[in-house]
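For reference, the structure is listed below as structure tokens.
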Number of protein chains: 2
Amino acid sequence: MSVTPTRDRQAERREATRREIVDAAWDIARRDGLAAVTLREVAARIGMRSPSLYTHFESKNAIYDAMFGQAWSEYLQVCEDIEPSIPKQVRKALLVMVSTFVEFALADQARFQLMNQRMVVDFEPTPQSYAPSLQVMALFRKRLALIGVAADADADLCVAIVGGLIDAQLANDPGGQRWIRQLPRAMDMFADEVRLPGPRLRSKR
Amino acid sequence: MSVTPTRDRQAERREATRREIVDAAWDIARRDGLAAVTLREVAARIGMRSPSLYTHFESKNAIYDAMFGQAWSEYLQVCEDIEPSIPKQVRKALLVMVSTFVEFALADQARFQLMNQRMVVDFEPTPQSYAPSLQVMALFRKRLALIGVAADADADLCVAIVGGLIDAQLANDPGGQRWIRQLPRAMDMFADEVRLPGPRLRSKR
DNA sequence: GTCTATACACCGATAGAC
DNA sequence: GTCTATCGGTGTATAGAC
């Protein structure tokens with residue numbers, strides 16, 4: 001009579017190998033950029049030949065897909081670990097939310113390019129990998145509503161402003177502060193637009 | 001005694017061929033995206049073999065470089081053809097400036113990706129091709145100053161907002177209006193921040 | 001000078017042996 | 001599951017024909 005084992009050692013091993021592959025790809029991406037990731041180097045780093053990767057991922061884009069899902073899941077975790085701030089200082093709460101994202105984005109440029117820019121040309125995330133990014137957006141909207149910003153259009157505008165600042169920063173002054181230092185000012189501007197109460201984060205000149 | 005011809009027919013022919021190459025590359029980029037441009041297809045379209053392109057451009061990126069410079073030169077021409085609006089309605093003038101850019105950007109997505117996103121990975125524009133984009137930015141700052149927005153930081157913020165809206169539009173709702181329809185509102189928000197006078201372009205709710 | 005033919009090194013992906 | 005061998009594709013280099 002066959003007995004069902006409590007642990008599927010084979011599945012665990014497979015998952016460990018998939019993780020090794022993804023980690024190696026991140027190493028290369030952080031070192032030389034997302035586009036520098038090649039199957040041959042990924043394989044070499046974990047002691048394999050490139051065709052063997054196809055046992056674990058059906059294509060190179062499937063590896064990017066796993067990286068995409070992992071990055072957004074990590075950021076979702078970061079958001080959930082932060083207690084939603086009290087509505088006492090709503091502008092401070094807004095700044096904390098967007099600063100968290102900015103910090104996460106600037107900390108790893110390759111990761112940000114994969115998450116938010118369409119840096120890998122023929123890559124479209126699968127619904128499964130896209131899910132955590134939708135969860136992040138839903139959580140952001142929920143917390144915006146908590147401090148009094150309920151309209152979808154308002155959240156859209158906020159996301160566009162923050163994204164625009166990050167893009168400009170990375171494109172024109174990578175490693176610098178020229179655009180990002182305007183984040184508190186930009187959030188004051190946005191808060192004024194949506195009539196958030198409270199003192200400004202920065203004075204107007 | 002040798003006579004210097006008034007026209008250099010050979011140089012004219014060379015320039016015409018370069019133009020043919022660039023035009024063919026634009027056709028492919030508009031059809032299938034920037035990344036779909038291959039030297040073999042560019043060459044085939046103008047009745048050449050791919051190595052022959054190296055007579056006219058030193059690399060594929062040199063073709064992208066020519067396209068980059070051409071796109072920004074065209075936009076510079078568009079800007080110069082528009083009379084700087086009277087400072088009577090400064091908010092209207094601001095909206096006209098940014099709308100011109102948005103319209104140009106959304107009209108040709110491949111062109112916008114080349115001009116403003118870092119879509120081609122290993123491509124850095126040469127100083128010569130970068131020049132017209134600097135001219136555009138200088139003209140934009142000058143006209144902003146004419147309507148009362150003099151600080152560099154203000155222009156940076158404006159550029160980031162508009163860029164963020166365009167990026168979000170193209171990434172999340174290509175062909176739609178969800179983000180771009182907020183442009184007048186965003187410019188009112190910006191105008192309020194920099195204390196531009198005049199009635200709002202859109203009412204606040 | 002202009003173009004072709006050929007070749008190289010690299011890429012992602014596939015087939016099939018073990 | 002991993003290997004070797006190979007395929008069709010890429011950008012690019014170069015020798016040589018005209």
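Every chain is numbered from 1 and lettered A, B, ... according to where its sequence line falls, protein lines coming before strand lines. Just the heavy atoms: all of them, side chains too, but no hydrogens, waters or symmetry mates, feed the values below.
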For B/D8 and C/dG1, what is the distance between atoms CG and C1' respectively, to the nearest whole Å?
12 Å

Rounded interatomic separation in angstrom, taking CG from B/L39 and C1' from D/dA13:
13 Å

In whole angstrom, give the distance that lies between atom CG of B/D122 and atom P of D/dG11.
13 Å

Reckon B/V37 touches a base, only the sugar-phosphate, or nothing at all at heavy-atom distances under 4.0 Å?
sugar-phosphate

Separation of B/E41 atom CD from D/dG11 atom P, in whole Å?
10 Å

Got a donor-acceptor contact below 3.5 angstrom from the A/Q169 side chain to the A/D173 backbone?
yes

Side-chain N or O of B/H56 versus OP1/OP2 of C/dG1: is the shortest distance under 4.0 Å?
no

Close side-chain approach of A/E74 and A/R111, heavy atoms under 4.5 Å:
yes

Just call it for B/R40: base, sugar-phosphate, or nothing, with non-hydrogen atoms closer than 4.0 Å on any strand.
base

Just how far, in rounded Å, is P of D/dT10 from CD1 of B/I63?
14 Å

Would you please confirm or rule out a distance under 4.0 Å between OP1 or OP2 of D/dG1 and any side-chain N or O of A/S52?
no

Out of C/dG12, C/dC3, D/dG1, minimum distance to the side chain of A/Y54 belongs to C/dG12

When all nucleic acid strands are considered with a 4.0 Å heavy-atom cut-off, which category describes B/R49: base, sugar-phosphate, or nothing?
sugar-phosphate

B/R14 side-chain proximity, nearest of D/dT12, C/dA13, C/dT2
C/dT2

Across the strands shown, which category fits B/R13 at heavy-atom distances under 4.0 angstrom: base, sugar-phosphate, nothing?
nothing

A/Q10 side chain, from C-beta outward: closest of C/dT2, D/dG1, C/dG12:
D/dG1

Under 4.0 angstrom, heavy atoms only, what part of the nucleic acid is B/T38 near: base, sugar-phosphate, or nothing?
sugar-phosphate

Heavy atoms from C-beta onward define the side chain here; which of D/dC3, D/dT12, C/dC3 lies closest to that of B/T55?
C/dC3

Within this structure, what is the CG-to-P distance between B/L34 and D/dT10, rounded to whole angstrom?
16 Å

I'd like to know if the side chain of A/D156 reaches the main chain of B/W179, judged simply by a donor and an acceptor atom lying under 3.5 Å from each other, with no hydrogens or angles considered.
no

Which whole-number value in Å describes the distance from A/L53 CG to C/dT14 P?
13 Å

Ring centroid separation for B/F68 and B/F123, is it under 6.0 angstrom?
yes

So what does B/S59 touch, heavy atoms closer than 4.0 Å: a base, only the sugar-phosphate, or nothing?
sugar-phosphate

When you compare the side chain of A/D65 with that of A/E124, does any pair of heavy atoms fall below 4.5 Å?
no

To the nearest angstrom, the CE-P distance between B/M48 and D/dT12 comes to 17 Å

